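First comes the structure, then the notes that go with it.
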Amino acid sequence: MKVAIVGGTGAFGRALAKRLRALGYDVHIGSRDAERGRERAIELGVQGGSNEEVVRNAELVVLATNSNGALDTARELVEAIGETPVLCAASELTFTDEGVVPGQEGRSLAEQVREILSAPVASGLQSLSAAHLAADEPPDEDALVCGDDPRAKELALELAGRLVAGRALDAGPLENSRALESMTAVILNVNREYGITAGLRLTGFP
Ligand SMILES: NC(=O)c1ccc[n+]([C@@H]2O[C@H](COP(=O)([O-])OP(=O)(O)OC[C@H]3O[C@@H](n4cnc5c(N)ncnc54)[C@H](OP(=O)(O)O)[C@@H]3O)[C@@H](O)[C@H]2O)c1
């Protein structure tokens, strides 16, 4: 399956690309700068180019730009993405003197991305750190995914399930991305408080 990672030159995109490549996916990483996309791709043993180039003919697009750039990037790629399913990994956050808190917008970034794109949008992977993804072994974590479109969610869950040693879990409608994105704020505060890189695992399964 061809997976395009928009903003794939960042820590998260590169870690994701590396793991997906090892799993046999046809991985293409994108950048605002096509040359940077190609250079980073060579380092990872995947394909690369501009964000616009890599999303064309992809079967799944992972939106992994810096969260501040997610909405503008979505606007720029409306035509190139078309109706290809999108997995949004970004989080709407606000950085304050007291710590990281959920974004002030009220709605999640994923919901806003869905309004911009013609494509079906799922949201997920927010609790999966780049550091854990880049490790040799799949992280002992669950990966939560939400969304309203069954096909986008199915593709996202399938990919998520191959990334972690735990479960890929369906967290319901796309509106629940507000909780997934807010959980990033919680995790970042925990990381800072305890000097760790936290992950997420739900209990209660048989
Ligand atoms: N880091 C993690 O552990 C982690 C875990 C889970 C989810 N995430 C989410 O994954 C996304 C990427 O995280 P990251 O740590 O890799 O972020 P990052 O390194 O800050 O940014 C990723 C890439 O986004 C592009 N970019 C930066 N500013 C941009 C802008 N204004 N408009 C468009 N593109 C821009 C850059 O690529 P070019 O300059 O090459 O275009 C950059 O390499 C974020 O939304 C984050 O919330 C991160």
Side-chain angles (χ1 to χ4, degrees), residues 3-20 27-44 46-55 61-78 80-81 86-95 100-103 105 108-113 116-117 121-135 138-139 141-146 156 159-160 163-164 168 171 177-192 196-200:
V3 178
I5 306 175
V6 173
T9 55
F12 183 74
R14 282 183 283 121
L16 181 62
K18 191 177 150 201
R19 187 160 292 282
L20 290 178
V27 184
H28 297 241
I29 62 167
S31 166
R32 288 168 295 180
D33 175 341
E35 195 48 42
R36 182 161 56 243
R38 280 191 276 277
E39 282 169 11
R40 296 288 176 278
I42 289 167
E43 292 163 14
L44 295 164
V46 300
Q47 306 296 312
S50 70
N51 287 327
E52 189 174 339
E53 284 166 353
V54 300
V55 299
V61 172
V62 181
L63 187 55
T65 64
N66 180 291
S67 294
N68 292 333
L71 298 181
D72 283 343
T73 303
R75 285 185 197 100
E76 286 159 20
L77 297 178
V78 169
I81 291 177
V86 171
L87 170 58
C88 183
S91 294
E92 177 88 62
L93 301 173
T94 303
F95 291 81
V100 189
V101 299
E105 170 68 23
S108 64
L109 269 180
E111 291 169 271
Q112 296 173 67
V113 166
I116 293 167
L117 295 175
V121 175
S123 172
L125 311 184
Q126 283 86 357
S127 60
L128 209 54
S129 73
H132 288 181
L133 257 186
E141 295 172 32
D142 295 330
L144 295 167
V145 170
C146 65
L159 181 133
L163 294 173
V164 292
S177 190
R178 298 173 200 177
L180 300 190
E181 296 179 28
S182 296
M183 185 54 69
T184 304
V186 173
I187 289 174
L188 290 176
N189 284 287
V190 167
N191 287 352
R192 192 166 71 178
I196 60 167
T197 304
L200 210 61

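For ligands, and for the atoms within them, numbers begin at 1 and follow the listed sequence. Given the structure is predicted, the values throughout are model-derived calculations rather than measurements.
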Interfacing atoms of ligand 1 (cut-off 4.0 Å, heavy-atom, [X]):
X	result
L128	5 (C), 6 (C)
A11	16 (O), 19 (O)
T9	36 (C), 37 (O), 38 (P), 40 (O), 42 (C), 43 (O)
S91	47 (O)
G7	22 (C), 23 (C)
T73	32 (N), 33 (C)
A130	1 (N), 2 (C), 3 (O)

A side-chain contact here means heavy atoms from C-beta on lying under 4.5 Å apart; do [X] and [Y] qualify?
X	Y	answer
V61	L87	no
I5	V54	no
V164	P138	no

Restricting to non-hydrogen atoms, name the atom on S91 and the atom on T184 that form the minimum distance, rounded to 0.1 Å.
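Closest approach of S91 to T184, heavy atoms only: OG-OG1, 2.8 Å.
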Looking only at non-hydrogen atoms, find the nearest pair between S123 and Q126 and report the distance.
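That would be OG-NE2, 2.9 Å.
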At under 4.0 Å between heavy atoms, is it the side chain or the backbone of [X] that contacts ligand 1, or both, or neither?
X	answer
R14	neither
L133	neither
R32	both

Quick check: [X] and ligand 1, any N/O pair under 3.5 Å apart?
X	answer
N68	no
T65	yes
F12	yes
S67	yes
G10	yes
D33	no
S31	yes

Say whether D72 and ligand 1 are in contact under the criterion: heavy-atom distance to a ligand atom below 4.0 Å.
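No, that is not the case, since the closest heavy atom of the residue is not under 4.0 Å from the ligand.
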For the pair [X] (side chain) and [Y] (backbone), establish whether a donor and an acceptor sit closer than 3.5 Å, ignoring hydrogens and angles.
X	Y	value
D142	L200	no
S50	E53	yes
N191	A198	yes

Of all the non-hydrogen atoms in the protein, which one sits nearest to [atom], and at what distance?
atom	answer
atom 12 (C) of ligand 1	A64 O, 3.1 Å
atom 20 (O) of ligand 1	N66 ND2, 3.1 Å
atom 32 (N) of ligand 1	G69 CA, 3.4 Å
atom 9 (C) of ligand 1	A89 O, 3.3 Å

If the threshold is 4.0 Å, N to carboxylate O, is there a salt bridge linking E35 and R38?
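Here E35 pairs with R38 in a salt bridge, since their nearest N and O are under 4.0 Å apart.
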If you measure from the Lys or Arg side-chain nitrogens to the Asp or Glu carboxylate oxygens, is any gap between R178 and E111 under 4.0 Å?
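Result for this pair is yes, salt bridge flagged.
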I116: which of D72, L77, V78 passes side chain to side chain contact (heavy atoms under 4.5 Å, CB included):
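Going through the options one by one, the only one that passes is V78.
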Classify the side-chain pair E105/S108 by whether it contains a donor and acceptor separated by less than 3.5 Å.
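There is no such pair (donor and acceptor under 3.5 Å, judged by atom type) between the side chains of E105 and S108.
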Audit row: E43, R40, salt bridge (charged side-chain N to carboxylate O under 4.0 Å, His left out) steps and yes/no:
CA-CA 5 Å; E43 292 163 14; R40 296 288 176 278; 3.6 Å; yes
